[in-house]
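The structure under discussion appears below in the form of structure tokens.
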There are 2 protein chains.
Amino acid sequence: MVTIYDIAKRSGYSITTVSKVLNNYKNVSEKAIKAVQEAIDELGYTPNSSARTLATNKSWMIGVVFAEHLGVGIAHPFFSEVIEGFKKHVELYNYDLLFVSRHMGLQEETYKHLKHRGVDGVVVVQSFGEDLIGGENSPIPAVYIDMPLKQPGSVYSDNRHGSSLAVNYLTELGHERIAHIMGDQTNFAGEERAIGFLKAMEKKGLVVPEHYLVNGGFFSYEGGREAMIRLLALSERPTAVVVAGDIMALGAIKVIKEAGLRVPEDISIVGFDDIALAKHVDPPLTTIRQDKDLIGRQAAIILLNKINGDQDSSSRVVPVQLIKRGSCQLIRG
Amino acid sequence: MVTIYDIAKRSGYSITTVSKVLNNYKNVSEKAIKAVQEAIDELGYTPNSSARTLATNKSWMIGVVFAEHLGVGIAHPFFSEVIEGFKKHVELYNYDLLFVSRHMGLQEETYKHLKHRGVDGVVVVQSFGEDLIGGENSPIPAVYIDMPLKQPGSVYSDNRHGSSLAVNYLTELGHERIAHIMGDQTNFAGEERAIGFLKAMEKKGLVVPEHYLVNGGFFSYEGGREAMIRLLALSERPTAVVVAGDIMALGAIKVIKEAGLRVPEDISIVGFDDIALAKHVDPPLTTIRQDKDLIGRQAAIILLNKINGDQDSSSRVVPVQLIKRGSCQLIRG
DNA sequence: ATTATAAAGGAAAGCGCTTTCGATAGGAGT
DNA sequence: ACTCCTATCGAAAGCGCTTTCCTTTATAAT
């Protein structure tokens with residue numbers, strides 16, 4: 001391995017000077033800079049980040065802790081896009097992303113591992129879990145996706161507004177019997193979307209029968225199926241249902257079709273997320289779009305602020321948007 | 001920060017001994033082990049990986065370089081699953097994954113960066129690009145996904161066989177006018193699938209008119225659309241088409257529907273990949289499944305072997321499988 | 001000519017850890 | 001009683017780098 005010492009010898013300067021040109025110090029002569037540069041090129045030197053980190057206590061790495069319910073990890077249709085947006089932004093500032101191995105949900109262990117790695121900050125992407133890493137006992141800057149914190153530093157979509165967008169649209173189309181397939185109520189997004197739904201319905205003066213509120217669990221296709229099955233079994237079926245997640249919505253649509261009914265002719269569906277394939281399914285899914293890229297970017301901004309000790313690291317709620325496609329229509333009759 | 005020195009002082013032993021218990025050396029007394037452990041617990045010590053890496057020249061990190069054409073990065077429907085499979089395996093051996101920032105396709109820069117980070121190995125996931133990192137000029141162990149190398153150390157699906165599975169199935173259903181929407185021919189998978197298609201057709205004694213071979217580009221939805229449009233414009237349309245990627249297949253199906261035709265009644269479609277949502281679209285997509293998890297795992301095994309200097313680090317081609325769903329049917333008449 | 005000042009460079013300590021090698025002490029063997 | 005192992009431990013060097021602080025030299029000011 002070629003080190004700073006080799007460069008020093010070759011260039012005729014001391015390692016101090018070499019280090020200085022490497023770090024753009026001002027008090028080095030043009031001559032020295034040139035000599036060192038040449039030596040570096042000739043010898044093919046690459047600085048060693050471990051040594052640098054050890055000396056500076058700065059790793060230029062950001063830890064990613066990933067915890068989701070679908071069990072697909074990085075392949076998660078929503079979170080992966082958020083992470084990509086996050087990555088694109090922090091890359092601009094020369095940070096690399098470290099995906100640490102999961103310690104079976106043992107937050108304690110995960111935190112230790114992150115500390116071990118000396119990451120400069122961590123982004124926590126999760127659909128559940130405790131706020132341990134971001135806690136006061138933790139000196140390591142953190143930002144949370146889809147999870148509110150006591151302290152500032154989390155970003156999530158305007159879930160309540162999203163739900164109200166959905167019910168308002170549906171009522172415009174003339175629907176009144178509107179059901180909601182909820183995400184699990186221990187989940188922040190699931191809870192907020194349900195609250196938003198209920199509030200919007202109330203505002204419209206619409207009553208939602210107890211049976212119209214059904215738990216679809218953790219946003220899975222199967223969860224959507226089961227929830228919809230229960231809805232179809234009702235004596236008075238809803239004419240529309242807002243589903244707390246696109247994947248669940250797909251499951252629900254499938255069940256409807258299997259029952260010999262049609263979407264949107266018989267039942268209108270609006271999803272939530274706008275995953276990549278929402279536009280490609282049949283019918284194209286009307287849904288509430290979360291701006292995954294922006295969520296990631298905002299998270300990056302917050303975290304970078306925290307890392308740099310800058311002032312503004314407040315939480316952000318990012319706007320959602322109704323995407324009208326083919327899964328809703330005017331109620332007939 | 002609490003260091004090994006603090007533990008030494010607290011426990012009454014030297015840092016050497018502390019280090020030894022940390023690393024499970026045999027020549028330490030039970031008494032010492034216990035004393036050190038207690039000190040660690042009391043002080044809440046976490047080893048510093050940079051220091052360790054510096055001393056041992058082993059980082060326990062594996063670099064991930066990601067280059068794909070869709071521009072979605074980590075959110076890529078196929079590669080993300082491969083990476084997840086890879087990750088799950090290397091985690092077992094205590095490796096973390098480092099996603100290095102892209103240097104605009106500058107392999108030279110990427111390589112330098114990886115060297116800078118001191119990763120123990122690298123997994124290259126890409127749909128294009130040169131074999132630079134794995135080259136001889138590189139001392140860093142590498143494994144490539146979806147890309148053949150001169151040297152051993154890459155893993156990819158049995159693309160040719162996949163295509164032949166598709167045409168054989170289609171011929172069984174009575175189809176003879178079978179077209180192929182190809183992936184870009186500069187892409188390994190695209191090329192292999194086309195070759196497999198052609199060979200299988202020849203074997204069946206079926207002729208494929210020049211116009212039945214259309215380039216869908218880099219596996220995008222739009223590429224699939226455009227390719228299918230050209231196919232539909234033909235005077236003698238195909239009754240079936242094997243598409244080199246699921247996303248492209250979805251684009252193709254969309255076009256067919258827009259033209260007032262139906263899948264599979266008028267045209268049968270078989271895709272390639274079996275992405276997560278293939279089963280959820282309408283009609284459910286018949287496709288060639290790539291075993292993404294296994295691909296990732298095999299890549300992990302190869303890389304770990306290389307890292308450990310073990311013998312077997314040969315390339316692997318992983319089997320594919322025909323998944324029959326709803327997008328194909330017997331030809332009518 | 002003399003002094004003050006700025007510019008350029010280097011010695012050395014230190015970041016937290018591993019590892020070699022030598023020292024010490026207790027026990028076994030004769 | 002003496003030598004030889006074996007078990008246990010620690011001093012010290014070294015991994016590659018940054019950074020403080022001091023020295024030297026050149027330049028400007030008087």
Side-chain angles (χ1 to χ4, degrees), chain A residues 1-37 39-40 43-61 94 112-120 139-140, chain B residues 1-37 39-40 43-61 94 112-120 139-140:
Chain A
M1 166 165 251
V2 26
T3 76
I4 210 180
Y5 283 89
D6 301 313
I7 304 301
K9 193 171 303 170
R10 174 73 156 236
S11 66
Y13 284 89
S14 72
I15 63 160
T16 304
T17 300
V18 173
S19 177
K20 282 177 180 167
V21 345
L22 249 22
N23 293 286
N24 296 314
Y25 275 56
K26 48 279 141 197
N27 56 345
V28 265
S29 63
E30 283 300 328
K31 199 168 132 228
I33 292 177
K34 215 171 126 209
V36 169
Q37 281 297 5
I40 287 177
L43 267 37
Y45 167 77
T46 312
N48 178 313
S49 80
S50 293
R52 233 213 263 281
T53 297
L54 187 57
T56 60
N57 202 30
K58 167 98 186 170
S59 69
W60 295 100
M61 292 192 304
N94 299 312
K112 270 181 121 163
H113 192 75
L114 259 359
K115 211 173 129 207
H116 164 70
R117 282 300 192 182
V119 295
D120 295 332
I140 137 168
Chain B
M1 166 164 250
V2 24
T3 76
I4 210 181
Y5 284 88
D6 301 314
I7 304 301
K9 193 172 303 171
R10 175 73 155 235
S11 66
Y13 284 89
S14 72
I15 62 161
T16 303
T17 300
V18 173
S19 177
K20 282 177 180 167
V21 346
L22 249 22
N23 293 286
N24 296 313
Y25 276 57
K26 49 278 144 201
N27 56 344
V28 265
S29 64
E30 282 301 327
K31 199 166 133 229
I33 292 178
K34 218 171 125 207
V36 168
Q37 281 297 3
I40 287 177
L43 267 35
Y45 166 78
T46 313
N48 178 314
S49 79
S50 294
R52 233 212 264 277
T53 297
L54 187 57
T56 59
N57 202 29
K58 168 96 186 171
S59 68
W60 294 100
M61 291 192 305
N94 298 314
K112 271 181 118 162
H113 192 76
L114 258 359
K115 210 173 130 210
H116 164 70
R117 282 301 192 183
V119 295
D120 295 332
I140 137 167

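Predicted, not measured: the structure shown is a model, and the values here were computed from it.
Nucleic acid contact for B:Ile15: base, since at least one base atom lies under 4.0 Å from a heavy atom of the residue. Among the protein residues, B:Asn23 comes within range of the sugar-phosphate backbone only, with heavy atoms under 4.0 Å from sugar or phosphate atoms but none that close to a base.
Under 4.0 angstrom from either OP1 or OP2 of D:dC9 there lies no side-chain N or O belonging to B:Thr17. Considering only side-chain N and O atoms, B:Ser19 lies under 4.0 angstrom from the phosphate OP1 or OP2 of C:dT18. Applying the 4.0 Å criterion to OP1 and OP2 of D:dC15, one finds that A:Asn48 has every side-chain N and O outside that range. Between C:dG9 and A:Ser29, a contact under 4.0 Å exists linking OP1 or OP2 to a side-chain N or O. The phosphate of D:dT18 has OP1 or OP2 within less than 4.0 Å of a side-chain N or O from A:Arg52. OP1 and OP2 of D:dG14 both lie 4.0 Å or more from every side-chain N or O belonging to A:Tyr5. Between B:Asn27 and D:dT6 there is no side-chain polar atom (N or O) within less than 4.0 angstrom of OP1 or OP2. Within the structure, a side-chain polar atom (N or O) of A:Tyr25 is placed less than 4.0 Å from OP1 or OP2 of D:dT19.
Between the NE2 atom in A:His113 and the CG atom in B:Asn94 there is a gap of 8.0 Å [rounded to 0.5 Å].
For A:Val28, the listed nucleotide lying nearest its side chain is C:dG9; candidates were D:dC9, C:dG9, D:dT18. Distances from the side chain of B:Ser14 to the nucleotides C:dC17, C:dA8, D:dG10 place D:dG10 closest. Closest approach to the A:Thr3 side chain among C:dT18, C:dA8, D:dG16 is made by D:dG16 (side chain taken as heavy atoms from C-beta onward). Taking only side-chain atoms of B:Tyr13, from C-beta outward, the nucleotide of D:dG16, D:dG10, C:dC17 with the closest atom is D:dG10. With D:dC9, C:dC17, D:dG16 as the choices, the nucleotide that has an atom nearest any side-chain atom of B:Leu54 turns out to be D:dG16.
One can find a donor-acceptor pair under 3.5 Å joining the base of D:dA11 and the side-chain atoms of B:Thr16. For a distance-only test at 3.5 Å, the side chain of A:Lys31 fails to qualify as a donor-acceptor partner of the base of C:dG9.
Comparing A:Ile4 and B:Ala32 by the nucleotide of DNA chain D that holds the closest heavy atom to each, the one mapping nearer the 5' end is B:Ala32.
Spacing between atom NZ of A:Lys26 and atom C1' of C:dA7 amounts to 12 Å, rounded to whole angstrom units.
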